[in-house]
2 protein chains.
Amino acid sequence: MLPFDIQEYQERLQKTKHRMMENDIEVLLITDPANMNYLTGYDAWSFYVHQMVVIIIDEPQPLWIGRYLDASGARLKTWIYDDNIIPYPDYYVHSKVYHPMTFIGEILTQIGQGNRNIGVEMDSYYFSARAYVKLQQALPNAVFKDGDLIVNAVRIVKSDQEIEYMKKAAVLGDQAMHHGIENIRIGSRECDAAAHIYYNLISGTEEFGGDYSSIVPLLPSGKNTGIPHLTWTDRPFEDGDSTIIELAGCYNRYHVPLARTVTIGNPDERLHQLTPIVQEGIAAVLDRAKPGATCGDMEEAWRTTISKYGIEKEARLGYSVGLGYPPDWGEHTASIRRDDQTVLEPNMTFHLIPALWFDQYGIEISETLRITETGCKTFSKYPRELIVQHPFLLNQHGGEIS
Amino acid sequence: MLPFDIQEYQERLQKTKHRMMENDIEVLLITDPANMNYLTGYDAWSFYVHQMVVIIIDEPQPLWIGRYLDASGARLKTWIYDDNIIPYPDYYVHSKVYHPMTFIGEILTQIGQGNRNIGVEMDSYYFSARAYVKLQQALPNAVFKDGDLIVNAVRIVKSDQEIEYMKKAAVLGDQAMHHGIENIRIGSRECDAAAHIYYNLISGTEEFGGDYSSIVPLLPSGKNTGIPHLTWTDRPFEDGDSTIIELAGCYNRYHVPLARTVTIGNPDERLHQLTPIVQEGIAAVLDRAKPGATCGDMEEAWRTTISKYGIEKEARLGYSVGLGYPPDWGEHTASIRRDDQTVLEPNMTFHLIPALWFDQYGIEISETLRITETGCKTFSKYPRELIVQHPFLLNQHGGEIS
């Protein structure tokens with residue numbers, strides 16, 4: 001049932017404890033669902049209620065604490081002993097009176113952890129301001145420490161098994177990109193292209209199916225391609241439209257993002273001019289990406305290349321990627337940006353997305369890459385090009401799905 | 001471009017300000033993406049970085065503050081004047097050094113709001129513990145107040161236009177349920193059923209397309225139907241399997257959830273026995289749901305009915321539903337549970353999901369309902385039954401989508 005050997009989970013736990021010691025943390029409360037999954041295998045859409053995995057520095061097993069009706073999922077999906085799965089009653093859910101962190105504080109006190117150095121993930125989506133306040137009230141003798149990104153930092157270097165899952169995710173992403181682009185024609189709507197993307201991401205191949213990705217397919221189109229985080233509408237595509245597709249194949253919650261830009265009919269002259277610049281910039285970054293170089297070096301390779309053409313880019317170029325849950329597939333550790341001193345190591349993985357956005361148009365051509373022993377390799381096999389689509393649907397059965 | 005008249009947004013803003021006054025809040029910082037959308041129209045997948053809408057009690061227009069590359073989306077998608085859209089630079093994103101709440105605190109100080117009573121959404125997913133700490137540091141002269149659920153409380157009664165969007169969402173949900181169930185056969189995998197659900201939710205009808213729902217389709221199957229929040233795998237369906245599908249049609253971010261239970265071949269005897277009990281319980285709740293009754297009354301109608309058969313249910317029966325963003329389509333205000341004293345009013349909408357989960361099996365049959373002037377109406381037209389599926393795929397082209 002578990003996607004990794006128990007030994008791999010135990011190694012992750014040891015690395016986490018090592019970082020806890022470096023940060024003088026005795027008890028780490030993990031609320032980021034990706035970190036919960038990484039250490040225990042837990043995987044369910046239950047993160048809309050408060051829940052956590054607790055790592056105690058001198059205990060061999062984590063604890064899972066969550067809503068009682070999710071506890072059976074924790075028993076099924078993790079390597080944690082059943083005794084270490086602690087459910088809270090349903091009246092704590094979305095209540096004006098009760099808060100799950102009060103319950104959790106009481107449990108930690110009962111098991112003798114209430115007076116220790118307790119690390120919390122301060123900027124996790126799933127550790128709210130109130131969660132912090134309630135926990136502090138419930139644990140007046142604890143010393144709270146910033147435990148943010150401790151597990152994320154362990155996640156940055158992937159195991160070979162994780163890389164295998166990302167290779168499968170890349171297959172899913174490539175086929176979804178293919179079918180999405182195939183449905184960007186006159187006679188089709190943005191929602192039709194998005195539906196084909198989803199179908200292909202999830203039905204997968206005959207050998208394996210796909211998982212939901214942490215971000216939905218992004219599909220800014222027409223005059224909005226300068227606005228990267230728009231989702232689809234039901235607007236019909238028009239001749240001359242350009243559309244950006246950013247998606248990720250996802251397998252066992254491991255993501256390989258990919259972005260491409262498509263035009264219907266002849267591309268806008270500006271896109272035509274930008275494409276070789278972006279291609280040259282990406283090639284320069286891939287050439288620079290190798291063990292010992294830094295994320296900042298990758299950014300410099302890009303900047304040096306595009307500045308020859310008088311172009312600047314403010315936004316970061318990319319970020320560490322892999323395991324994730326909504327709302328983000330980024331790992332929130334290394335960014336490919338100026339001054340990021342993260343030193344590259346084999347099996348680090350990044351989404352390199354040196355997109356250029358302007359007022360009325362934009363271009364995205366991205367690659368997800370893995371640092372190898374000697375350089376780097378991209379996951380996707382999709383052509384690194386501006387895609388120019390014949391206006392009319394060649395593939396008429398594209399709309400007929402039951 | 002906006003899904004509602006500006007007048008409707010202004011009415012929502014007035015109601016919000018009224019509640020701010022009741023709570024002695026002069027400045028409300030809104031970080032819940034559904035609340036941001038509700039008051040301004042803002043809609044993009046940008047909530048994985050810190051962003052907010054600011055309501056100042058004595059200013060006619062909200063402010064939008066977010067990442068600079070999302071500001072163009074705010075200009076496009078909201079009724080806010082361009083001058084009220086305030087971008088922060090990209091180096092604030094996922095940085096170990098800079099935090100967006102520091103920037104936001106400085107802006108609030110500059111515009112003379114730094115010494116006021118400031119409400120924050122204490123239990124919002126997108127207002128982290130660190131966001132709160134950084135904001136307090138940046139605004140030492142402010143008095144912080146709990147502004148959680150202030151806008152959600154306004155959202156609980158829908159306008160007629162919101163109800164129209166929910167009716168469209170119901171059409172999407174029904175067709176997705178139909179095609180999902182159609183693909184629960186021997187020869188199909190859980191991921192294939194999920195892919196068909198997604199395709200139909202999003203491609204929609206010829207008249208309108210669908211939006212992504214805030215929770216992915218949940219699909220616990222086989223021995224796991226007692227674990228409600230599991231997502232699909234690529235396991236092939238087997239004869240005798242039961243599967244629960246919980247999904248929501250979504251239109252303009254308005255959700256109508258729907259759950260059904262399907263068996264391949266003859267149902268387990270226990271499901272067969274539970275079905276009429278659940279049906280009777282739902283009918284009793286729908287009969288009790290009318291203006292003037294409370295959420296607690298609805299729960300009592302259910303409890304009285306099922307207790308005749310010796311069954312108890314710990315989890316709440318349902319919750320207020322409508323506008324939403326991941327990770328939840330529930331509104332976090334009223335719950336259909338014992339002691340919830342929310343008085344029902346016309347155009348309140350609830351997902352009634354009186355599911356029963358046991359160790360190795362479970363049943364979910366749900367309805368989303370609207371309180372009318374005299375009673376209530378359900379949105380879905382899907383038969384309220386346990387669905388018994390012939391084992392083999394009748395619909396062989398179901399797998400052939402491009």
Side-chain angles (χ1 to χ4, degrees), chain A residues 44-48 68-70 72-73 76 90 93-94 120 122-132 148 179 182 189 191-192 194-195 198-199 202-204 208-210 212 215-216 218 224 226-231 234 314-316 319 326-328 330 332 335 357 395 397-398 401-402, chain B residues 44-48 68-70 72-73 76 90 93-94 120 122-132 148 179 182 189 191-192 194-195 198-199 202-204 208-210 212 215-216 218 224 226-231 234 314-316 319 326-328 330 332 335 357 395 397-398 401-402:
Chain A
W45 193 288
S46 57
F47 41 87
Y48 71 93
Y68 89 99
L69 64 78
D70 297 314
S72 48
L76 181 76
D90 207 67
V93 173
H94 299 161
V120 288
M122 287 295 288
D123 224 1
S124 160
Y125 303 110
Y126 302 105
F127 188 63
S128 69
R130 176 165 296 145
Y132 188 39
D148 207 37
H179 289 285
E182 200 50 41
R189 304 167 298 176
C191 60
D192 297 320
Y198 265 116
Y199 184 85
I202 291 164
S203 69
F208 57 90
Y212 61 90
I215 303 177
V216 296
L218 300 171
N224 298 333
I227 311 175
H229 297 125
L230 296 185
T231 52
D234 53 14
E314 179 181 344
R316 61 178 182 172
Y319 44 80
D328 199 6
H332 297 199
S335 286
W357 298 291
N395 187 351
H397 73 283
I401 300 178
S402 64
Chain B
W45 192 288
S46 57
F47 41 87
Y48 70 94
Y68 89 101
L69 65 76
D70 297 315
S72 48
L76 180 76
D90 208 67
V93 173
H94 300 161
V120 288
M122 287 295 288
D123 224 0
S124 161
Y125 304 111
Y126 301 105
F127 188 64
S128 68
R130 175 166 297 146
Y132 187 38
D148 207 38
H179 289 285
E182 200 50 42
R189 303 167 299 178
C191 60
D192 298 319
Y198 265 115
Y199 184 86
I202 290 164
S203 68
F208 56 91
Y212 61 88
I215 303 177
V216 296
L218 301 171
N224 298 332
I227 310 175
H229 297 125
L230 297 185
T231 51
D234 53 14
E314 179 181 343
R316 62 180 182 172
Y319 44 80
D328 199 6
H332 297 198
S335 287
W357 298 292
N395 187 350
H397 73 284
I401 300 178
S402 64

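The figures that follow rest on heavy atoms only: side chains count, while hydrogens, waters and symmetry mates do not. Every chain is numbered from 1, with letters handed out A, B, ... down the list of sequences. It should be emphasised that the depicted structure is a prediction, and the values quoted were computed from it without experimental measurement.
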Do you know which two heavy atoms are closest between A/L69 and B/A315, and how far apart they sit? CD2-CB, 3.7 Å
Okay, B/R316 and chain A: the region with an atom under 4.5 Å from a heavy atom over there is both
Could you tell me whether the side chain of B/Y68 and the main chain of B/D90 form a donor-acceptor pair under 3.5 Å? no
Could you check which of A/S203, A/P228, A/G73 has the highest count of heavy-atom pairs closer than 4.5 Å to chain B? A/S203
In terms of heavy-atom pairs under 4.5 Å with chain A, the winner among B/H229, B/H332, B/R189 is B/H229
Can you tell me how far the OG atom of B/S128 sits from the OH atom of A/Y132, to the nearest 0.5 Å? 11.0 Å
Given A/D328, A/L230, A/D123, the one with more heavy-atom pairs under 4.5 angstrom with chain B than any other is A/D123
Which portion of A/W45 sits near chain B, non-hydrogen atoms under 4.5 angstrom: both
When every non-hydrogen atom of A/P326 is compared with those of A/Y126, the smallest separation belongs to O-OH, 2.8 Å
Flag, side chain of B/R130 to backbone of A/S124, donor-acceptor distance under 3.5 Å: no
Could you look at A/V93 and say if it's the side chain, the backbone, both or neither that has a heavy atom under 4.5 Å from chain B? both
Part of A/I215 lying under 4.5 Å from any heavy atom of chain B: both
If you take all heavy atoms of B/I202 and A/A195, which pair is closest and at what distance? CG2-N, 3.7 Å
Could you tell me whether the side chain of B/Y125 and the main chain of A/Y48 form a donor-acceptor pair under 3.5 Å? yes
Highest number of heavy-atom pairs under 4.5 Å with chain A among B/L218, B/D148, B/V120 belongs to B/D148
Of A/Y198, A/Y199, A/Y212, the one forming a ring-ring contact (aromatic ring centres under 6.0 Å, His included) with B/Y198 is A/Y198
Can you tell which part of A/T231 gets under 4.5 Å to a heavy atom of chain B, answering side chain, backbone, both or neither? side chain
Engaged part of A/L76 at the chain B interface, taking heavy atoms whose separation is under 4.5 Å: side chain
With a 4.5 Å cut-off on heavy-atom pairs, point out which of B/G204, B/A129, B/S72, B/G209 contacts chain A the most. B/A129
Portion of A/D70 that has a non-hydrogen atom of chain B nearer than 4.5 angstrom: side chain
